[in-house]
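Counting starts at 1 for both ligands and their atoms, in listed order. In this chain, numbering begins with 1 at the start of the sequence shown.
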Amino acid sequence: MLTGAKRAATLCIALTLLLTLTVGAFAAYNPGTYVAEVRGHNGPIKVSATFSRDAITSVEVLDHNETVGVGTPAIERLPKAIVEHQSLGLDTVSGATITSYAVLAGVSSCVKQAGGDIDALRAKVIKKTPGPRITKTADVVVIGAGGAGMSAAMSAVENGASVIVIEKNAAIGGNTLVSGCVWNAANPALSSKTPAAMGLNEKLKSYLEMDEGELPPEFRPTLKTLKEQIAAYLAGDTSMMFDSVELHMIQTYFAGKRQGLDGTTIEGSFDFIEILCRKSLETQEWLKKTAGTVFRDELAEPIGSLWKRANGPVDKWEDFFVKPAKYITDNGGEILCEVTGKELIVENGRVVGVKAVMADGTPMELYAAKGVVLATGGYGGNTAMVIEYNNYWPELDPNILTTNRKEIIGEGIIMALAIGADLTGMGYTQLMPIGWADTGLLALGGGSNVMYISQEGRRFVNEYAERDVISKAAFAVGTLFYELKTLGSDFVTPVGTPESHVVFIADTLEELAAKIGCDPAVLKSEVERYNSFVDQGYDPDFGKTSFTHRIESPYVARAMKPSIHHTMGGVKIDTDCHVLNKEGKIIPGLYAAGEVAGGIHAGNRVGGNAIADIFVFGRIAGANAAKGK
Ligand SMILES: Cc1cc2nc3c(=O)[nH]c(=O)nc-3n(C[C@H](O)[C@H](O)[C@H](O)COP(=O)(O)OP(=O)(O)OC[C@H]3O[C@@H](n4cnc5c(N)ncnc54)[C@H](O)[C@@H]3O)c2cc1C
């Protein structure tokens, strides 16, 4: 028999045990802080999560390399949202999908380490409740906040209009923000202090010999002026570069003239090319003056640029987005992110606004008293659309990769088409020859310091040629090829790891040949031959005309494959950026600028001409919309 005191003590122990077991049964986590490393878009992301017995108490991203304005919205928002909702069933942040998945994966790993139930947390889906319809009105509504949209909005507020910009992603930027942001503008002040590469004079002489009959009549005076400029240059000191608006125009015309698979020829119009090339430098000055954009004032030559004439912002996020956004909002404009334009509103034949939807499903109607500017970019993230319209590439693999952000899918073109807009040049898509073989992302680089070799180690193309020429040549030698250069011969740092099989560094050509799997004797003889061309500034094999570096040890070879890059086609516009219908008439109230518009680059865009295009024509579209012109 238990005494009363013993009975009480036993009961107490039993109760404590029961309590411990009960609480233990409900403990969701082993308290503590756990760390995980996951792969983000640009490299590893280090995440930590802290747990009490029954909750995630904090999540932190300790380290990352994600791009500002692209991946960072996910890094800023998701940790808080995970803690707030105690859930891993959250939507990814628009425009930051890969980073979002990475953060969620990192926290999942921490949950697992803490003994939590990942599936239960993922199953807790957070439902968004749409609010009632929101209606807003301004003089001008801009759809899309990449470079063209920002330029249009700046120009519209500068011309006294009230402006609303909508952007479907969580942050402004679009493809422009992930681009190299190099911007072609003939700038004699910069050219005259840039040393001329070996071979360029030969190229200039070829223009002197050019027959004017090769050009449409409206371009002939341009060629005549160019010949006079070149003759004067060649008669003087040629140690520094020559450049002029006329050279830019003639190069843009020839680079764009292409024949489609259907036998038709596409070529750039004089008016568009003249505006693009003549207003480019002036538009850089305008950005400096209005937004305070700072340019590097040092010329670059991205692949396929055909000449060294590209300047660029010192900091693309700050100079192309943060500062312009401040200019827009300081002047009364409004920028709304996570608002997707869905359908243009047409009343009595005039575009008067756009129906849109917010990220939580709330419907919006945005009315524009003076004009709507489409600035939604191209469709390089929409392979099916590229293939549907293709009239240039004999074969396009449906699995071809892209350099584009995946949100760039041609929505503006589809919206305009739905209200009767005409399209032009849709069959012509630019492939970027130097896409990383493993991801398709842009590998960056130019043509003057490199030699391209096939998998057999043989040189196969003029590396300074247009992008389509290089891509076609790459397909002919088996698609995958190597960009070979002297390590350190340009600003591009080799990325990738030995496991990624995309970057190979070697001290000798024998070692490099072993790494890429080609015959060392072939590689050596090809490099020797190429270096002799560099020395003489003349390439009898493929006609390359710009050489800045020999190929010497230490060598770096980067594995490349052409990937979808730029869509030259889009809605048909006139030089005032009015969108035209199928009868060639202006659709009142609708303007377009940037990659959403077709016709500027014809069949092949010159590298560095798109950034010029979006700011030049964005500015024109915004001004005309503001004036209701
Ligand atoms: C990796 C890469 C590098 C490049 N580098 C260069 C370079 O150095 N020089 C050069 O000249 N060209 C370059 N280009 C090409 C150039 O960047 C693009 O042609 C240009 O940035 C397009 O600008 P945009 O304003 O027309 O479109 P984007 O910058 O793509 O902006 C369009 C915006 O509209 C938004 N949007 C789309 N649909 C909707 C909708 N329905 N509602 C609301 N918003 C919407 C998108 O989210 C996006 O933010 C590069 C392209 C890529 C992909």
Side-chain angles (χ1 to χ4, degrees), residues 67 69-70 94-95 141-153 165-185 276 280 300-305 310-313 316 320-321 335-344 354-358 364 366 373-382 402-416 430 432 434-436 439-446 467 563-568 570 592-597 600-601 605-618 621:
T67 309
V70 180
S94 342
V141 172
V142 178
I143 312 175
M150 297 305 280
S151 180
V165 183
I166 59 166
E167 164 55 52
K168 70 173 180 171
N169 280 340
I172 58 179
N175 256 355
T176 311
L177 183 57
V178 299
S179 81
C181 276
V182 288
W183 174 338
N184 286 339
L276 173 75
S280 188
E301 49 178 353
I303 180 174
S305 60
N311 200 349
K316 58 186 174 177
F320 276 1
F321 292 98
I335 301 173
L336 307 172
C337 286
E338 293 186 293
V339 177
T340 307
K342 291 285 181 192
E343 188 187 329
L344 295 167
V354 59
K355 288 187 184 168
V357 64
M358 294 170 67
M364 269 193 143
L366 299 139
V373 181
L374 277 178
T376 46
Y379 50 99
N382 186 343
T402 178
T403 62
N404 282 223
R405 293 180 72 174
K406 72 177 204 33
E407 306 82 31
I408 306 302
I409 53 175
E411 282 157 282
I413 295 173
I414 292 163
M415 277 190 268
Q430 179 166 89
M432 167 51 70
I434 53 167
W436 283 109
T439 61
L441 295 174
L442 175 61
L444 288 173
R467 292 170 180 179
S563 59
I564 292 173
H565 187 58
H566 183 268
T567 47
M568 274 78 69
E595 208 173 318
V596 67
I600 318 271
H601 310 284
R605 171 175 70 79
V606 171
N609 268 5
I611 297 296
D613 160 9
I614 64 176
F615 283 101
V616 166
F617 287 97

Residues at least two apart in sequence or cross-chain that pass side chain to side chain contact (heavy atoms under 4.5 Å, CB included) with Thr403, listed by chain then number, are Met432, Leu442, Ser563, His565

- Query: Is there a donor-acceptor pair closer than 3.5 Å between any side-chain N or O of Thr402 and the backbone N or O of Gly380?
  - Reply: yes

By chain and number, the residues contacting ligand 1 below 4.0 angstrom (heavy atoms only) are Ile143, Gly144, Ala145, Gly146, Gly147, Ala148, Ile166, Glu167, Lys168, Asn169, Gly173, Gly174, Asn175, Thr176, Val178, Ser179, Gly180, Cys181, Val182, Val339, Thr340, Gly341, Ala375, Thr376, Gly377, Thr403, Asn404, Ile408, Glu411, Met415, Leu442, His565, His566, Gly594, Glu595, Arg605, Gly608, Asn609, Ala610, Ile611, Ile614

Hits for salt bridge (charged side-chain N to carboxylate O under 4.0 Å, His left out) against Arg405, two or more places apart or cross-chain, chain-then-number order -> Glu407

Margin query: Taking Gly607's backbone N and O only, do any of them form a donor-acceptor pair with Asn184's side chain (distance below 3.5 Å, no angle check)?
Written below: yes

**Side-chain donor-acceptor contact under 3.5 Å, His601 with Asn609** = no

Residue pairs passing the salt bridge (charged side-chain N to carboxylate O under 4.0 Å, His left out) test with at least one member in residues 165-176, sequence neighbours excluded, are Lys168-Glu411

